[in-house]
Amino acid sequence: MDRKQKETQKGKKQNSVNNREFAVITYCFIGLFLCTMGYFVYFQVAKSEDFINNPYNSRQENFEKSVVRGKILSAGGEILAETKTDGEGNETRVYPYENLFSHIVGYSTKDHGRAGVESWANFNLLRSNAFFLEKTMDKVTDEKSIGDNVVTTLDYSLQNAAYQALGAYNGAIAVMEPATGKILAMVSKPDFDPNTIQENWDRIVADENSESVLLNRASQGLYPPGSTFKVVTALEFIRQNPDSYPDYTYACNGSIKENNSKLSCFSGEVHGSVDLRRSFVKSCNTSFANIGLSLNGDAFAETCDGLLFNTALPVEKLDTSKSSFVLNGASSTSEVMETSIGQGKTLVTPLHMLMLTASIANRGVLMRPYVIDSTQNHEGGAVKTYSPEPYGPLFSEEEAEILKDYMKETVTGGTASKLSGMSYEAYGKTGSAEFGTNKGDSHAWFIGYAHREDKEDIAIAVIMERAGIGSAYAVPAAKNVFDAYYQ
């Protein structure tokens with residue numbers, strides 16, 4: 001090969017290298033461009049609304065100058081919040097049902113911000129999807145456009161039934177469709193009238209030190225779960241003894257003592273010989289304390305983490321508190337016994353217990369709870385619809401069936417018998433959660449669900465502060481809600 005041919009071949013190789021480098025650079029730029037466009041599309045579809053709806057985003061103030069805030073509606077079309085304008089153009093936010101939806105619908109004030117749906121759906125309510133000619137005329141005449149309406153999943157009749165059932169007690173009742181995650185009702189007491197919150201703000205805030213009026217106890221209140229937690233303890237015993245749990249037996253004589261730690265059944269009741277099912281149905285404290293002592297504490301903690309303890313609940317928009325479970329392999333005998341019956345340091349929100357119950361009713365699968373069903377323009381035209389979204393299984397289907405069976409017998413022959421013999425099948429677990437230093441002071445609990453072939457199942461969580469026994473107070477409250485649904 002002569003010199004000229006060598007130089008030609010070398011030149012071709014160099015060109016080939018240069019072409020490869022150019023191609024790599026070109027593909028990198030194309031990849032970056034596609035990633036940028038992909039994120040732009042993702043932001044527009046999934047995140048732009050959250051960004052604009054952020055309370056610190058100043059764009060919301062501009063919307064308020066050109067749009068009359070839309071209505072908030074129940075699932076049945078009842079107006080839960082609307083803006084009325086007088087002859088001089090002054091706007092007033094009106095809540096026709098006053099205290100009834102105070103925490104879940106929330107409030108919108110000039111000086112003190114927003115809460116509830118008023119806050120989460122602020123952007124939707126201040127956005128107008130009216131017909132473009134109508135919006136054009138509004139601009140020409142310097143009139144405000146009418147904002148979009150937000151349709152919630154809330155059922156007026158169930159909300160009213162839950163509100164009445166809670167009566168004069170502080171506490172919360174929350175109701176959900178297990179198959180969809182729709183929140184049908186959410187009541188928290190003490191409550192407030194959102195119509196007068198602007199002028200009564202100083203008094204309400206002053207009362208926060210003792211009453212916590214603005215706290216949504218359903219999603220933010222933290223309580224000892226009492227015997228409702230036996231659902232979790234029973235689950236863990238089944239998981240650690242998958243073959244032998246049906247053979248478990250215990251002789252209850254009303255109390256149990258282990259390493260100088262003593263614990264009694266409620267009111268000193270003696271249950272005699274009980275298996276796991278009977279322990280659950282009769283809510284036998286001593287048997288569950290005995291079960292707790294047999295469990296691997298680290299595995300128990302892992303199960304609770306999988307059941308959403310010590311983590312933020314997967315709930316869109318709602319302000320929630322984290323439930324806490326602190327037991328592990330190094331915990332003391334006393335801590336193990338108390339935790340196993342839902343006392344000790346364990347704290348839960350009613351919403352969390354509702355989600356666990358709904359998962360059991362839904363074959364172990366949790367659907368993400370949600371409150372906003374859709375948005376419409378002021379003439380009823382669809383703007384956006386929100387669909388049910390599964391979070392995933394919290395229980396296996398087999399575990400859910402076992403717990404369902406226990407919860408059913410708790411109604412037919414146990415502590416929730418006030419729900420037996422209805423036109424629907426009820427399932428549940430009662431609880432009487434002791435608190436404070438005065439022995440005998442307890443919150444009344446009930447968690448459960450109801451089933452009838454002609455309607456969707458509904459799940460419920462009831463907490464009535466300082467009421468006493470769950471079977472005497474929380475169960476009748478749940479019955480009132482179930483009756484309203486199946487009437």
Side-chain angles (χ1 to χ4, degrees), residues 49-50 53 72-75 80 101-106 115-121 124 150-156 158-159 162 171-188 215-223 225 228 231-232 306-323 348-375 384-395 400 446-450 455-463 478 481-482 485:
E49 185 173 307
D50 292 338
N53 202 41
I72 298 176
L73 306 173
S74 72
L80 308 183
F101 292 88
S102 58
H103 288 92
I104 188 63
V105 169
V117 176
E118 290 278 34
S119 175
W120 317 323
N124 308 77
V150 168
V151 181
T152 68
T153 60
L154 300 170
D155 183 305
Y156 166 76
L158 292 187
Q159 183 80 7
I173 297 179
V175 185
M176 174 175 146
E177 262 186 14
T180 63
K182 290 181 179 180
I183 297 292
L184 303 181
M186 185 171 282
V187 172
S188 176
L215 182 77
N216 185 346
R217 282 161 159 77
S219 62
Q220 296 173 293
L222 287 168
Y223 301 92
T228 61
V231 170
V232 180
L307 295 179
L308 306 175
F309 285 82
N310 306 314
T311 189
L313 295 176
V315 182
E316 194 72 21
K317 308 296 186 183
L318 262 170
D319 298 319
T320 62
S321 298
K322 293 181 183 180
S323 297
V348 298
T349 63
L351 177 61
H352 186 189
M353 297 307 291
L354 173 66
M355 291 164 67
L356 296 181
T357 307
S359 301
I360 294 170
N362 195 42
R363 298 181 177 180
V365 177
L366 172 65
M367 300 298 291
R368 292 179 184 269
Y370 67 105
V371 180
I372 299 174
D373 190 63
S374 64
T375 54
K384 184 175 182 179
T385 300
Y386 299 86
S387 301
E389 181 184 349
Y391 170 79
L394 298 185
F395 310 84
F446 177 78
I447 59 172
Y449 72 98
K455 299 192 77 171
E456 289 282 356
D457 293 352
I458 58 168
I460 192 170
V462 179
I463 174 75
V481 177
F482 289 158
Y485 184 68

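Only a predicted model underlies this, so the values are computations on that prediction, with no experimental measurement involved.
At least one side-chain heavy atom of V105 sits under 4.5 Å from a side-chain heavy atom of L154. Residues P369 and L313 form no side-chain contact, since every pair of their non-hydrogen atoms from C-beta on lies 4.5 Å or further apart. Looking at heavy atoms from C-beta onward, L80 lies out of side-chain contact with Y156 at the 4.5 angstrom threshold. Under the 4.5 Å side-chain criterion, counting only non-hydrogen atoms from C-beta, L366 is in contact with L308. When side chains are defined from C-beta on, I183 counts as touching L351, because their heavy atoms get closer than 4.5 Å. For the pair V175/F482, no side-chain contact is recorded, criterion being any heavy-atom separation below 4.5 Å from C-beta on. Within the 4.5 Å cutoff, no side-chain heavy atoms of Y386 are placed close to those of K182. Counting heavy atoms from C-beta outward, L394 and I360 have side chains that stay 4.5 Å or more apart.
With hydrogens and angles ignored, the 3.5 Å screen pairs a side-chain donor or acceptor of S323 with a backbone N or O of T349. In terms of modelled atom types and a separation under 3.5 Å, the side chain of T152 and the main chain of V371 share no donor-acceptor contact. Looking at T180, its side chain never comes within 3.5 Å of a backbone N or O of P388 through a donor-acceptor pair. Between the side chain of H352 and the backbone N or O of S321 there is no donor-acceptor pair closer than 3.5 Å. A donor-acceptor contact shorter than 3.5 Å is absent between the side chain of H103 and the backbone of V187. A donor-acceptor pair is defined here as one N or O able to donate and one able to accept, closer than 3.5 Å; such a pair exists between the side chain of S188 and the backbone of R217.
To the nearest 0.5 Å, the span separating OG1 on T320 from CG on L222 amounts to 10.0 Å. With rounding to the nearest 0.5 angstrom, the CG atom of N216 is 7.0 Å from the CG atom of L318.
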May I have the step-by-step check of side-chain contact (heavy atoms from CB on, under 4.5 Å) for E177 and T153, ending in yes or no? CA-CA 10 Å; E177 262 186 14; T153 60; over 6 Å; no
Take F446 and I173 through the test side-chain contact (heavy atoms from CB on, under 4.5 Å) and record every step on the way to the result. CA-CA 10 Å; F446 177 78; I173 297 179; over 6 Å; no
Take Y370 and K317 through the side-chain contact (heavy atoms from CB on, under 4.5 Å) test and state the conclusion after the steps. CA-CA 8 Å; Y370 67 105; K317 308 296 186 183; over 6 Å; no
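Closest approach of S74 and V151 over heavy atoms only: O-CG1, 3.8 Å. For the pair Y449 and T357, the tightest heavy-atom approach, listed with the atom from each and the gap, is N-CG2, 4.3 Å. Between Q159 and F101, the shortest heavy-atom contact is CG-CE2, 3.3 Å. Here the closest heavy-atom approach between residue V348 and residue M353 is recorded as CG2-CG, 3.7 Å. What you find for A358 and P178 is that their closest heavy atoms are O-CB, 3.4 Å. When all heavy atoms are compared, the tightest approach of L215 to G221 is CD2-CA, 4.3 Å.
Counting heavy-atom neighbours within 6.0 Å of R368 CZ, excluding the residue itself, gives a total above 12.
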